[in-house]
Amino acid sequence: VANAEADGGDNGVEDDKVLKSEHDALQTRCEELDATVQEYARKCSEMEVKYKQEVDKSAALTQRLKVNAEQLTAAQDKEEQENDSLRQQLVVLQQAHDERIQAMTSEKQKLQQQFTLLLQEKTELKQQTEMWTKKHNALYEKHEQLNELNTENTERYL
């Protein structure tokens with residue numbers, strides 16, 4: 001019994017040492033876990049700061065995109081208005097061009113008709129000139145003949 005008590009007593013001290021050792025190990029493990037938790041908390045805090053920065057960046061980018069979209073829409077509207085204005089100007093210019101072409105075509109036809117008439121008149125005048133030249137030459141020959149006869153007759157009477 002004494003041995004059992006002595007063993008039990010030793011076991012109690014031994015158990016206390018084991019418990020103390022386990023307690024110290026658990027204490028160390030708790031401290032390690034606390035350090036890990038603090039590290040995770042620090043990382044979470046950093047991640048939260050980064051997340052807020054990214055959210056802010058995203059919001060800024062979204063705002064810039066919205067402004068750019070509005071500017072683009074305004075530019076497109078302005079460009080469309082300018083295009084409409086240019087189309088209208090083009091229509092007016094095309095109409096003026098068409099009218100000018102019609103007027104020039106009409107003028108060309110008139111000039112062609114006048115040219116044709118002038119060519120006909122030139123041909124007629126050429127024919128008349130040839131006829132008058134023939135008549136003139138014939139008259140000139142008769143005049144020469146008469147002059148010769150006249151000269152001959154004058155010489156005979158003298």
Side-chain angles (χ1 to χ4, degrees), residues 19-158:
L19 284 176
K20 172 98 168 107
S21 173
E22 287 178 3
H23 178 267
D24 288 345
L26 286 174
Q27 181 87 24
T28 302
R29 183 69 183 136
C30 279
E31 289 171 2
E32 289 173 357
L33 288 174
D34 280 345
T36 302
V37 166
Q38 286 178 357
E39 180 65 20
Y40 284 142
R42 184 186 61 79
K43 286 182 180 180
C44 283
S45 178
E46 288 174 2
M47 292 299 284
E48 188 175 336
V49 168
K50 287 180 182 178
Y51 174 77
K52 285 181 182 177
Q53 289 172 346
E54 290 300 318
V55 166
D56 290 346
K57 284 181 187 177
S58 178
L61 287 174
T62 301
Q63 182 59 31
R64 281 180 38 202
L65 284 173
K66 183 179 177 184
V67 168
N68 287 346
E70 290 171 355
Q71 289 174 344
L72 180 60
T73 300
Q76 287 172 335
D77 289 347
K78 183 179 178 183
E79 187 175 312
E80 190 173 320
Q81 289 173 350
E82 289 173 357
N83 285 343
D84 288 344
S85 174
L86 289 173
R87 280 188 207 102
Q88 290 172 354
Q89 290 175 9
L90 180 62
V91 166
V92 169
L93 288 173
Q94 187 66 43
Q95 288 172 344
H97 175 73
D98 291 346
E99 290 171 4
R100 180 88 172 125
I101 292 294
Q102 274 184 330
M104 290 175 73
T105 301
S106 176
E107 185 66 22
K108 179 183 174 186
Q109 288 173 347
K110 287 177 187 175
L111 289 172
Q112 283 176 335
Q113 290 171 350
Q114 288 177 353
F115 182 72
T116 301
L117 291 175
L118 286 172
L119 282 178
Q120 290 171 353
E121 187 177 337
K122 178 183 173 187
T123 302
E124 290 172 8
L125 286 174
K126 188 175 181 182
Q127 289 171 351
Q128 285 178 3
T129 302
E130 288 174 2
M131 181 185 75
W132 285 111
T133 301
K134 286 178 185 177
K135 283 183 179 182
H136 175 268
N137 288 340
L139 284 174
Y140 184 76
E141 285 179 26
K142 283 187 178 185
H143 176 70
E144 286 293 316
Q145 289 172 356
L146 286 175
N147 270 345
E148 283 181 30
L149 283 174
N150 191 19
T151 303
E152 288 174 9
N153 284 336
T154 302
E155 286 176 1
R156 262 193 241 158
Y157 289 122
L158 291 177

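The basis for the numbers below is simple: all heavy atoms, side chains too, and nothing from hydrogens, waters or symmetry mates. Quick caveat: nothing in here was measured; it's all calculated off a predicted structure.
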Anything under 3.5 Å between a donor and an acceptor, one on a side chain of residues 92-114, the other on a protein residue two or more places apart or in another chain? List them.
| from | atom 1 | to | atom 2 | distance (Å) |
| --- | --- | --- | --- | --- |
| Q94 | NE2 | D98 | OD1 | 3.1 |
| T105 | OG1 | I101 | O | 2.7 |

*Quick one: side-chain hydrogen bond (donor to acceptor under 3.5 Å, both in side chains) pairs with a partner in residues 50-70, sequence neighbours left out?*
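For residues 50-70: none.
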
*Write out all pairs satisfying side-chain hydrogen bond (donor to acceptor under 3.5 Å, both in side chains) with one or both partners inside residues 120-142, taking only residues at least two apart or from two chains.*
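Counting only pairs at least two positions apart or across chains, the side-chain hydrogen bond (donor to acceptor under 3.5 Å, both in side chains) contacts touching residues 120-142 are Y140-E144.
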
For the atom pair [atom1] ([X]) and [atom2] ([Y]), what is the distance rounded to the nearest 0.5 Å?
{"X": "E31", "Y": "L26", "atom1": "CD", "atom2": "CG", "answer": "11.0 Å"}
{"X": "R42", "Y": "M47", "atom1": "CZ", "atom2": "CE", "answer": "12.0 Å"}
{"X": "R29", "Y": "D34", "atom1": "CZ", "atom2": "CG", "answer": "10.5 Å"}
{"X": "Q38", "Y": "C44", "atom1": "CD", "atom2": "SG", "answer": "13.0 Å"}

*Donor-acceptor pair, T154 side chain versus N150 backbone, under 3.5 Å?*
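Present.
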
_Could you go through Q89 and S85, starting from their C-alpha distance and side-chain angles, then the distance that decides it, and tell me whether this counts as side chain to side chain contact (heavy atoms under 4.5 Å, CB included)?_
CA-CA 6 Å; Q89 290 175 9; S85 174; 3.6 Å; yes

